[in-house]
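Down below is the structure, laid out as structure tokens.
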Amino acid sequence: MNPFTYERASDAPAAIGLAKGNAVARYLGGGTNLVDLMRETVERPEMLVDVTGLPDGIEPRADGGLLIGAAATNTALAADSHVRTHYPLLARAILAGASAQIRNMATVGGNILQRTRCRYFYDTAAACNKRQPGTGCDARDGFNRYHAILGASPACIATHPSDMCVALAALDATVHLDGPDGPRSIALADLHRLPGDRPDIETELKPGELITAVEIPPLPFARRSTYRKVRDRASYAFALVSVAAALDLDNDGTVRDLRLALGGVAHKPWRASAAEAALKGRPATPESFRAAAEAELAAATGLRDNAFKIELAKRTIVAVLGNLTGDDA
Amino acid sequence: MSAQSDAAAPQPALPGRWQPAVTQDPMLRKHGAQGYGSLGQPVSRIDGPLKVQGKARFAAEFPYEGLCYAALAFSTIARGRITALDTAAAEAAPGVVLVMTHRNAPRMKAPSLMMSSPTAAGASDLPVMQNDEIHWNGQPIAVVLAETQEQADHAASLVTADYAPLPAVTSFDEARKTPRQLDNLLGQPPVVEIGDAEAALKGAAVQVDQIYRTPRHNHNAIELHAATVAWTGEELRVHDASQLLDLTAGQLADIFGLEADKVRVSSPYVGGGFGGKCLWDHQILACAAAKLAGRPVRIMLSREGVFRVVGGRTLTEQRVALGASADGRLDALIHTGIVAMTSHNSCPEQFTFPARHLYAAKTIRLAQEVADMDMLANTFMRAPGESVGTFALECAIDELAEKLGLDPIELRRRIEPDKDPTSGKPFSARHLIDAYDKGAERFGWNHRSPTPRQRRGGEWLIGMGCATATYPYHRFPGGAARIRLTAGGQVTVSTAVHDMGMGTATAQAQHIAARLGVPLTQVTFEYGDTSLPRGVIAGGSTQTASIGGAVIAATEVFVEELLKLAGNDSPLAGLSLAEVETRDGGIGHCDDAARFESYESILRRSGRDELVCEAEAPPPAEMEAFSMHSYGAQFCEVRVSEVTGEVRVSRFLGSFDAGRILNAKTATSQFKGGIIMGIGLALTEETNFDPRTGRIVNASLAEYHVPVQMDVPAIEILYTDIPDPQAPMGARGIGEIGITGVGAAVANAVYNATGKRIRDLPITLDKLM
Ligand SMILES: Cc1cc2nc3c(=O)[nH]c(=O)nc-3n(C[C@H](O)[C@H](O)[C@H](O)COP(=O)(O)OP(=O)(O)OC[C@H]3O[C@@H](n4cnc5c(N)ncnc54)[C@H](O)[C@@H]3O)c2cc1C
Ligand code: SF4
């Protein structure tokens, strides 16, 4: 770990002021990802601005939506009664991630901006375009079980590892930002980028911009929603594939509306818009679920270790939608 | 460390001369399994309270005046030479005391390979930081000493190197093209042939002939490898995390050219060993750097460092071919294959060992060879050989049972041998079928459908499997024990052995209380320090029996000394060792309750404050005369998702025949721990060794998947508790058998659930989709 200075911000303007114009300053949430990367010398900030003292409230809005302070811990968000009742997929997604200890430290802002778990990204001896643009990608012909099947590029095949973000993407969440040029908002689904030829640029955040809050719009049918994570051990492992889904059925069993997002498959939380479009107005049957899954994964490509994830994603989508169709959902 | 309160008043025991293979341990001869106070009882760990209070001091917790902290920089190529090594930035970094590289390291002799001599402890025989050669990706190229660990870590990250790479063999597929024959397999012949097994296989009515693969594994004990070392002139003090105390001391003395008694190594507490806590480069480098700096040094490897510097279990590719008659007798048993190894170590993962002793077959062919690679020396890891060998063999037995239309337990009943199938020696004790019967009944084996895919709950297919567990009995020669009796009746037994959490100190205190006929509260077991009488290593599940042998010998001296001191004015006058027993805190005539004198009385009358006796264990002749092994039957129930291929072990039962159990609680924990490690072997653990670079990619607990709590179901343990007549205390050692057979039990259950045979571990979900 390289030496750095540490500052604690009391509010957003103070945080932005401290970091402003300092290319080597980073905001610090729970530190569960950033500090690990600093230990590996993958991240080398010279200044950390601790933003855990910023607002962490979880407040229902008048319209039925929810406003979440960026400093809210993952544990607090998963335990929130409004979340558990109105957005069960979000609570389940968070609880499927990391360990209780890590979730106690991790913040909502940090979770959104956590970086890929590609081992070649972590190992400074490896070639990695994300860590060192232009050096190559050791994952492409290496161990790539956890890597992308959708939206990858020749430069990078990494995945975004967050579970929480998959649920947020399904819920059409908005991320509120503040920064040197003032506040703005961006859809969570638009925040993360695909790797293209610049995998080192992971989000649409401008230098010095801070996540202040996440807002979830009301979605009454999200009461019937869930999150399923498929992984290599029963807990404490990143997703091979995960599915966040909410389903709204007509009385006659037709899909009136749905939300579907995938994790573990791409450089960003993957909103499955093609599947959603294919399923709306169709009967809620395994056949139409499968057809929707096929539509979403039509463009998927597999590599040495991860080709199985294409079929796995399809099957998991079908199973999750099937469960939501059942009476016990 | 003193023992805790006694469970029951000790019963009499009989010391008498023990002649291995000729007579039994007198404890067994006189009383059988019963009547030894707390022996066998679930006594809680003596060191438990210290550990939960944080008072048990581990290797990286010993304070020293002027201590500095070490961090390592690692090579990033697998083979070649260092052409430039820039340490200037590291040297200039805050707090740095010095940077040691091959250019300024003290001259040291290379370690000698473990088992090449009685004092050798090297995991490899490469010289350590003595030249510019690189032999594996991750080899230490520099040691940074600094005032704090953080400063050392930072400075180590500033060391840069240039290399002239040489062609390196980092792909197993490449390496196996030029296999190397072994001249021995841990002292056993690498090839065993009885009859013409290939011909018998061809002619057999029913055949199974399959290839099984197991991957590399790495050690991930919770305590990171660590040592605190200090020189005083030509004397070296090492606080290590070790399962190899005396060998480490001897090897370090040899490396640094010191008199053997000038090196003292201690290791009172170890946070998990499993074969990994032996002598690796980090202790040697810490001693060298401490010498160079003239200051004490602490080294604690990072988790990545453990993957780079400490070897793991190597990969295997095994063929098992079984030929059987229609009624389920083996005409041919073939187990052959190859493992990855290096030219600088000798650890061939003896996977053919189980097949040497388990089943009766008319013809047998066993052979293993190695493929040399440019990699870190692989090493022992819980049941090296047996853990992965039983995976292949026991899966093949299951496949054969299915082809024969026999229940797999019934097949094992039919191929149960009456003597050791390859050595022809008699078994000292063998109750494998007993273990199967008890386990099967308790587990509800009769609910298993012989046809796969018959049970399900929702999307989850449910299946059951079983497999044999086995591990050899061993007793290492050369261990000694000292008994010290004080006037107050306190007994202290000392020997330089290890407790890495297994419960050695607790079980041995129980043993000693029983053997000397004193309450557990009056016993102290001293261990973990080379200043004590020479001990044996904690490896190969040998320690308990080895200590037993030494304590028996010391007890004989002790009783004879006491008889001498008792003299003619004692009720014991004229009695010899063979006529007496220890009981009730003293010595008494075996058949005459009235002839008794307490230890205290003998000491008092002879004007002694204490009596100290020491003796070395007799050579392990029992191992020559008998085939001695522990056995077990592992039962597993799994649930496999038909959607995702995810496997969950839903129930597990291990039924063991490991001789007498000395402590029900610590033994059960050992068995369970082995089974949990076996679940990891079956389902999750795999080192990602990049064949392009020879570098381990998942050098982290986040990506190297040991089982977590949710992967582990309730595990039930049964044991026969039948003493082995040839083993000290009747106990055969239990540290490793728990992991054996688990891989196969899980794989066989997966087959029963899904109808899919997975023959390469780990059984990840993609293989079942
Ligand atoms: C062993 C392990 C297993 C894990 N398993 C999972 C898993 O299964 N699923 C999963 O989803 N996650 C998993 N995680 C990741 C975990 O969820 C993240 O580490 C955590 O959410 C990050 O939150 P943090 O507050 O600690 O972020 P930090 O580490 O503090 O920061 C992460 C990044 O966010 C930036 N940042 C933080 N807050 C803000 C803000 N308000 N505005 C702008 N930038 C900000 C930081 O500068 C940094 O770049 C795992 C982590 C570990 C270590
Ligand atoms: S996949 Fe992306 S993060 Fe991983 S090595 Fe390639 S470029 Fe780097």
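Convention: sequence-line order gives letters A, B, ...; per-chain numbering from 1.
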Using a 4.5 angstrom heavy-atom cutoff, name the option from [options] with the most pairs to chain B.
| options | value |
| --- | --- |
| A:A307, A:A125, A:A319, A:S99 | A:A125 |
| A:D305, A:T41, A:D141, A:T316 | A:D141 |
| A:M1, A:K309, A:R231, A:R228 | A:R228 |

Handout entry: Contacts with chain A made by residues 756-765 of chain B (heavy-atom distance under 4.5 Å), listed by residue number
Key =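 B:T764, B:L765, listed by number.
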
Practice task
With chain A as the partner chain, list the residues of residues 675-685 of chain B whose heavy atoms fall under 4.5 Å from it, by residue number, and write 'none' if nothing qualifies.
Solution key: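 The residues closer than 4.5 Å to chain A, in numerical order, are B:T684.
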
Name the region of [X], side chain, backbone, both or neither, that has any atom closer than 4.5 Å to a heavy atom of chain A.
| X | answer |
| --- | --- |
| B:E686 | neither |
| B:S641 | side chain |
| B:V706 | both |
| B:E459 | side chain |

Assess, by modelled atom type and distance only, whether the side chains of [X] and [Y] contain a donor and an acceptor separated by less than 3.5 Å.
| X | Y | result |
| --- | --- | --- |
| B:E304 | B:S302 | no |
| B:N220 | B:Y704 | no |
| B:W460 | B:E646 | no |
| B:D690 | A:Y120 | yes |
| A:S162 | A:N111 | yes |
| A:T75 | A:N104 | yes |

So which part of [X] gets closer than 4.5 Å to some heavy atom of chain B, the side chain, the backbone, both or neither?
| X | result |
| --- | --- |
| A:E311 | both |
| A:N2 | both |
| A:D138 | both |

Handout entry: Those residues that, when tested against A:R117, pass salt bridge (Lys or Arg N to Asp or Glu O under 4.0 Å) (two or more places apart)
Key =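 A:R117 satisfies salt bridge (Lys or Arg N to Asp or Glu O under 4.0 Å) with B:E703 once adjacent residues are dropped.
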
Exercise for the section: Give me the one residue out of A:T159, A:T116, A:N306, A:D232 that meets side-chain hydrogen bond (donor to acceptor under 3.5 Å, both in side chains) with A:Y146. Expected result: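 For A:Y146, the side-chain hydrogen bond (donor to acceptor under 3.5 Å, both in side chains) check succeeds only for A:D232.
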
Determine whether [X] and [Y] make a side-chain contact, defined as any pair of heavy atoms from C-beta on separated by less than 4.5 Å.
| X | Y | value |
| --- | --- | --- |
| A:L48 | A:E7 | no |
| A:L312 | B:M769 | yes |
| A:L260 | A:L321 | yes |

Handout entry: chain A contacts, top residue of B:H154, B:M710, B:R695 (heavy-atom pairs, under 4.5 Å)
Key =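 Most heavy-atom pairs within the cutoff with chain A belong to B:H154.
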
Handout entry: Residues B:E642, B:R453; criterion salt bridge (charged side-chain N to carboxylate O under 4.0 Å, His left out); working and verdict
Key = CA-CA 10 Å; B:E642 248 196 318; B:R453 298 182 69 86; 2.6 Å; yes

Exercise for the section: Examine A:R304 relative to A:F143 and say whether NZ or CZ is less than 6.0 Å from the centre of the six-membered ring and inside a 45° cone about the ring axis. Expected result: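 Geometry flag: set, cation within 6.0 Å and 45°.
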
Problem - Heavy-atom closest pair, residues B:L158 and B:A93 - result: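 Looking at all heavy atoms of both residues, the shortest contact is CD1-CB, 4.1 Å.
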
Practice task
State, to 0.1 Å, how close B:A749 and B:C636 come at their nearest heavy-atom pair, and which atoms those are.
Solution key: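 Looking at all heavy atoms of both residues, the closest pair is CB-O, 3.7 Å.
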
Problem - Aromatic contact, B:F172 with B:F689 (centres under 6.0 Å) - result: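 No, the ring centres sit 6.0 Å or more apart.
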
Exercise for the section: Tabulate, in ascending numerical order, the residues of residues 234-246 of chain A having at least one heavy atom closer than 4.5 Å to a heavy atom of chain B, or enter 'none'. Expected result: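 Residues of residues 234-246 of chain A touching chain B at under 4.5 Å: A:A234, A:S235, A:Y236, A:A237, A:F238, A:L240.
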
Problem - salt_bridge(A:K229, A:D163) N-O dist < 4.0 Å - result: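 Between A:D163 and A:K229 there is a salt bridge, with a charged N closer than 4.0 Å to a carboxylate O.
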
Problem - A:E296 and A:K314 ion-paired at < 4.0 Å - result: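 Here A:E296 does not pair with A:K314 in a salt bridge, since their nearest N and O are not under 4.0 Å apart.
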
